[in-house]
Q: 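Below is a structure I'd like to ask you about.
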Amino acid sequence: MSKTLLRIDASARTMGSVSRTLADAVQHAWQTANPDGRVVLRDLAAQPVPHISPDTITGYYTPTDQLTPALRAATALSDELIAELLAAHTLLISTPMYNFSIPSALKAYIDQIVRLNHTFAADENGLRGLVADRPTFIASAAGAVYTGTNIAGLNFEGPYLTTLLGFLGIASVELLSVEGTTVDPQAMEATLQQTRERIHALLH
Ligand SMILES: Cc1cc2nc3c(=O)[nH]c(=O)nc-3n(C[C@H](O)[C@H](O)[C@H](O)COP(=O)(O)O)c2cc1C
């Protein structure tokens, strides 16, 4: 069976989005390495995933055989998104930094896929991820520069995403960040080029 790349885009911008440009480079390299591969795209800006509702939450904590039609309907999107995630051989999440973290569009998606007894377990042994590890790329863009600067501690984006993925069981995460997108266009272009080279090395 051919491999699947699940690409999730989160920038509100389509034109001029650095995180989407980076994701294009990852997708291109992945498709070159997997010519028979299939790309599934979730564009969270074009088609936003709704926030969970009270019925979604009740549905999350109700055993499957006891779900009412209303609770089934409220958890149907979560079922679909989790099935899509579990079927993917490789994950690619592209995201800007908004207010030191991820955009709410991506958080709404996360709230649909992090689900007890589906993607994580909680029992007497504590918390355990239920998602099998798989190659995962995070393509992120931030306006300022955090790495090696005195504002490094304000970056909750990459650390949050890698922690969350690790919680679900996904440890094979490559964090590809372009920082300083609003600071110096030339420096940003140089970083983008370096990151493209890293993508090429990782996927060939
Ligand atoms: C609503 C909003 C909030 C932002 N917050 C931050 C921030 O907290 N820190 C930062 O370094 N850049 C911030 N930026 C700048 C973006 O991270 C930067 O423009 C990045 O390139 C956006 O990703 P994109 O190019 O894929 O759209 C913000 C931009 C927007 C629109």
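All ligand and atom numbering here is 1-based and tracks the order in the structure.
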Q: Val49 and Ile57: same hydrophobic cluster, using ILVMFWY side-chain contacts below 4.5 Å?
A: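 Linked, Val49 and Ile57 end up in one cluster.
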Q: Just checking Arg134: does its CZ atom have more than 12 heavy atoms from other residues, nucleotides or ligands closer to it than 6.0 angstrom?
A: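 Count over threshold, so yes.
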Q: Please indicate whether any nitrogen or oxygen in Thr182 is less than 3.5 Å from any nitrogen or oxygen in ligand 1.
A: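 N/O-N/O distance under 3.5 Å: no.
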Q: When you group the ILVMFWY residues by side-chain heavy-atom contacts below 4.5 Å and let the links chain together, are Phe167 and Tyr60 in the same group?
A: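 Yes; tracing contacts between hydrophobic side chains, which count when under 4.5 Å, links both residues.
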Q: With clusters defined by side-chain heavy atoms of hydrophobic residues (ILVMFWY) lying less than 4.5 Å apart, directly or transitively, does Ile102 cluster with Phe156?
A: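 Cluster IDs for Phe156 and Ile102 differ.
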Q: Check whether Leu81 and Leu67 end up in the same hydrophobic cluster, where Ile, Leu, Val, Met, Phe, Trp and Tyr are linked by side-chain heavy atoms less than 4.5 Å apart.
A: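 Looking at the clustering, Leu67 is in a separate group from Leu81.
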Q: Does ligand 1 come near enough to Arg20 that some N or O of the ligand is less than 3.5 Å from an N or O of the residue?
A: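 N/O-N/O distance below 3.5 Å does not exist for this pair.
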Q: Could you tell me which atoms of ligand 1, counted from 1 in the order shown, lie closer than 4.0 angstrom to a heavy atom of Gly143?
A: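 This gives 10 (C), 11 (O), 12 (N), 15 (C), 16 (C), 17 (O), 18 (C) as the contact atoms.
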Q: Just wondering, do Asp24 and Arg7 contact through their side chains at under 4.5 Å, heavy atoms?
A: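 Side-chain contact under 4.5 Å: yes.
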Q: Evaluate Arg128 against Asp123 for salt bridge (charged side-chain N to carboxylate O under 4.0 Å, His left out), listing each step before the verdict.
A: CA-CA 8 Å; Arg128 187 165 40 93; Asp123 53 29; 3.3 Å; yes
Q: What protein heavy atom is closest to atom 31 (C) of ligand 1, reported as residue, atom name and distance in Å?
A: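 Its nearest protein heavy-atom neighbour is Tyr98 CE2, 3.7 Å.
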Q: Looking only at distances, please establish whether an N/O atom of ligand 1 is found under 3.5 Å from an N/O atom of Ser19.
A: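 Yes; at least one N/O pair falls below 3.5 Å.
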Q: Mind checking whether Val18 contacts ligand 1 via backbone (N, CA, C, O), side chain (CB onward), both or neither, at a 4.0 Å heavy-atom cut-off?
A: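 It is both backbone and side chain that touch ligand 1.
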Q: Nearest protein heavy atom to atom 5 (N) of ligand 1, by residue and atom, and its distance?
A: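 Nearest protein contact, heavy atoms only, for atom 5 (N) of ligand 1 is Asn99 N, 2.8 Å.
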Q: Ignoring hydrogens, what is the shortest heavy-atom contact between Ser19 and Ser94? Give both atom names and the distance.
A: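 Of all heavy-atom pairs spanning Ser19 and Ser94, the closest is O-CB, 3.5 Å.
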Q: Using a strict cut-off of 4.0 Å, indicate which atoms of ligand 1 neighbour a heavy atom of Phe100.
A: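 Listed by number with element, the hits are 7 (C), 8 (O).
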Q: Please state which protein non-hydrogen atom is closest to atom 28 (C) of ligand 1 and give its distance, to 0.1 Å?
A: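 Going by distance alone, atom 28 (C) of ligand 1 is nearest to Met97 O, 3.5 Å.
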Q: So, does Arg196 use its side chain to make a donor-acceptor pair with the main chain of Ala25 at under 3.5 Å?
A: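 No; judged by distance alone, with no hydrogens or angles, the pair does not exist.
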Q: Considering only heavy atoms of Thr181, which atoms of ligand 1 have at least one such atom less than 4.0 Å away?
A: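 Taking each heavy atom of Thr181 in turn, ligand 1 has 18 (C), 19 (O), 20 (C), 21 (O) under 4.0 Å.
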Q: For ligand 1, which atoms, with element, lie under 4.0 Å from some heavy atom of Ala144?
A: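 Near Ala144, meaning under 4.0 Å from one of its heavy atoms, ligand 1 has 10 (C), 11 (O).
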Q: Under a 4.0 Å heavy-atom limit, does Arg13 contact ligand 1 with its side chain, its backbone, both, or neither?
A: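 Answer for Arg13: side chain.
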Q: For Ser11, take its heavy atoms, then give the atoms of ligand 1 lying under 4.0 Å from any of them.
A: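 Atoms satisfying the 4.0 Å criterion: 24 (P), 26 (O), 27 (O).
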Q: Do any N or O atoms from the side chain of Thr75 and from the backbone of Ser78 form a donor-acceptor pair under 3.5 angstrom?
A: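 It does not hold such a pair.
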Q: Before signing off on this row, confirm whether Ala142 and ligand 1 have an N or O atom pair separated by under 3.5 Å.
A: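 No; the residue has no nitrogen or oxygen that sits under 3.5 Å from a nitrogen or oxygen of the ligand.
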Q: Tell me, which protein residue and heavy-atom name are nearest atom 9 (N) of ligand 1, and how many Å apart are they?
A: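 Ranked first by proximity to atom 9 (N) of ligand 1 is Tyr146 OH, 2.8 Å.
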Q: Any N or O of Pro96 that comes nearer than 3.5 Å to an N or O of ligand 1?
A: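 Between Pro96 and ligand 1, no N or O pair is found under 3.5 Å apart.
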